[in-house]
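Just so it is clear, the structure is predicted and the values come from calculations on it, not from any experiment. Each ligand, and each atom within it, is numbered from 1 in the order the structure gives.
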Amino acid sequence: MSETRKASYSFLGPAGTFTEAALAQVPEARGQAWRSVNNVGEALADVVSGRSVAAMIAIENSVDGGVSATQDALAKVPDLRIIGEYLVPVNFVLVARPGTTLADVKIVAAHPVAYAQCRDWLETHVPHHGHIPASSNVAAPASLLETEQADAAVAPPGIENHLDLTVLATDIGDNPNAVTRFVLVSRTTVIPARTGADKTSLIVELPEDRAGALLELLEQFATRGVNLSLIQSRPIGDALGRYRFVIDADGHIHDERVADALLGLRRFSPKVIFLGSYPRADRQQNEYTKRYDDDVYIGARAWLDTLLRGA
Ligand SMILES: O=C(O)C(=O)C[C@]1(C(=O)O)C=C[C@@H](O)C=C1
């Protein structure tokens, strides 16, 4: 009797993290094997080695901004593609071992991105606290039951149903509408179909020592009517003052205006990494001016062809 082998999907664990909630939104991952890992590097290594078909990773938080570990890993690990985007609303509770009160709390364990989202609350209600970083929002409360290094932990709501911990405070996030954006990363070169509500992710380096280079980069998009939903600089790391740009552009590589912008970037930049074109999580149709429609590019190319053919 032959048994179908399950495909493996890696996610930041253990079970109960927001990353797991993002993976739960992926229809193809349902009923497959989910592999809990401890960090983004491990998740991407699983994809590179073929151990997992894809990995779910956090890439941006509405309060704390871009997740630098993810952005840097995507710049360094070759041949990865983003194939989907998912949004998860995030809010937090403060938990402790039973018997602990808020007044007892001196050290708080928290994932750094979660800590950054609860900083105002913690500074107001636990003003003298110290912080121990944890690898995830579930690893933080779990650590309270393993060591006494921390007195309390920042955790996702509902954690008290899985771990023997007491909730000291709820809704401790500084912004009640906080959202984290996740991406599903794979090694496939098959580009998800164009939907009209798409995003294209890129990492672009600037040519060195050129006045106005950043403006020239932006012009590649502006002159083709392509809107950017994200542009963030990250240090390349080899010398002070050298940066790469992480970019999300509205549209799909199969949109003529986006393809033309990519050609412009490739001519101008020493390094362009195409991270993928994929459906936007918010399913909002891409907006652009009529003069950047596919037909306009196709018509212009046909005109050039007739000139080249001497017609
Ligand atoms: O620890 C988790 O629950 C995660 O899924 C990780 C993560 C992140 O890496 O940004 C996800 C969402 C929250 O904003 C904080 C932490």
Side-chain angles (χ1 to χ4, degrees), residues 9-26 29 34-47 52 54-75 77 80 82 84-95 108-122 131-146 150 152-163 165 167 170-185 201 230 232 234 246 248 281:
Y9 288 78
S10 297
F11 73 101
L12 181 72
T17 60
F18 293 118
T19 312
E20 190 193 47
L23 189 54
Q25 295 182 30
V26 180
W34 292 18
R35 191 173 129 73
S36 164
V37 299
N38 288 319
N39 55 63
V40 172
E42 197 182 351
L44 295 181
D46 279 353
V47 176
S52 289
M56 184 63 81
I57 52 179
I59 195 160
E60 186 185 358
N61 172 259
S62 58
V63 177
D64 196 39
V67 178
S68 46
T70 298
Q71 293 178 331
D72 293 349
L74 289 175
V77 183
L80 292 175
I82 298 175
E85 179 187 43
Y86 307 87
L87 301 178
V88 177
V90 288
N91 54 74
F92 302 95
V93 296
L94 189 72
V95 290
V108 177
H111 183 281
V113 176
Y115 181 73
Q117 294 176 74
C118 302
R119 192 173 280 131
D120 290 352
W121 189 94
L122 287 168
H131 168 217
I132 295 185
S135 61
S136 79
N137 285 312
V138 176
S143 74
L144 296 178
L145 301 173
E146 286 153 18
V154 172
I159 194 75
E160 69 282 7
N161 300 325
H162 306 283
L163 300 175
L165 295 169
V167 177
T170 57
D171 293 320
I172 66 167
D174 298 328
N175 186 330
N177 302 318
V179 176
T180 297
R181 190 162 68 85
F182 292 83
V183 288
L184 188 65
V185 175
S201 293
L230 176 109
Q232 188 164 2
R234 288 293 307 153
V246 181
D248 282 347

Practice task
Give the atoms of ligand 1, by number and element, whose distance to some non-hydrogen atom of N61 is under 4.0 Å.
Solution key: 14 (O)
Completion exercise
Under 4.0 Å between heavy atoms, the region of N137 that gets near ligand 1 turns out to be both
Practice task
Answer yes or no: is there a side-chain heavy-atom contact under 4.5 Å between V63 and D174?
Solution key: no
Exercise for the section: Quick one: look up the protein heavy atom nearest atom 11 (C) of ligand 1 and list residue, atom name and how far away it is. Expected result: F182 CZ, 3.8 Å
Practice task
May I ask you to identify, for E20, whether its side chain, its backbone, both or neither come under 4.0 Å of ligand 1 on a heavy-atom basis?
Solution key: neither
Problem - Sub-3.5 Å N/O-N/O distance, V138 and ligand 1 - result: no
Handout entry: Proximal atoms of ligand 1 relative to T180 (non-hydrogen, under 4.0 Å)
Key = 12 (C), 13 (C), 14 (O)
Handout entry: Test item: side-chain donor near acceptor, N61 and T180, under 3.5 Å
Key = yes
Exercise for the section: Considering the heavy atoms of A58, write down every atom of ligand 1 situated less than 4.0 Å from one of them. Expected result: 8 (C), 9 (O), 10 (O)
Exercise for the section: Of the side chain and backbone of D64, name the one, both, or neither that has a heavy atom under 4.0 Å from an atom of ligand 1. Expected result: neither
Completion exercise
Tightest non-hydrogen contact, residues P14 and A139, listed as CD-N, 3.9 Å
Practice task
Using a 4.0 Å heavy-atom threshold (strictly under), name the region of Y115 that reaches ligand 1: side chain, backbone, both or neither.
Solution key: neither
Handout entry: Side-chain heavy atoms of V93 within contact of I172, under 4.5 Å
Key = no
Practice task
Could you tell me whether S136 approaches ligand 1 through its side chain, its backbone, both or neither, with non-hydrogen atoms closer than 4.0 Å?
Solution key: both
Practice task
List the closest protein heavy-atom neighbour of atom 6 (C) of ligand 1: residue, atom name, distance to the nearest 0.1 Å.
Solution key: L12 CD2, 3.6 Å
Handout entry: Positive for side-chain contact (heavy atoms from CB on, under 4.5 Å) with L23, one of W34, F18, Y86
Key = W34
Handout entry: T17 side chain to L12 backbone, donor-acceptor under 3.5 Å
Key = yes
Completion exercise
Counting heavy atoms under 4.0 Å, the part of T17 that contacts ligand 1 is both
Practice task
Check whether any side-chain heavy atom of I59 sits under 4.5 Å from a side-chain heavy atom of E85, and report yes or no.
Solution key: no
Completion exercise
Of all heavy-atom pairs linking L165 and E160, the shortest is O-CB, 3.6 Å
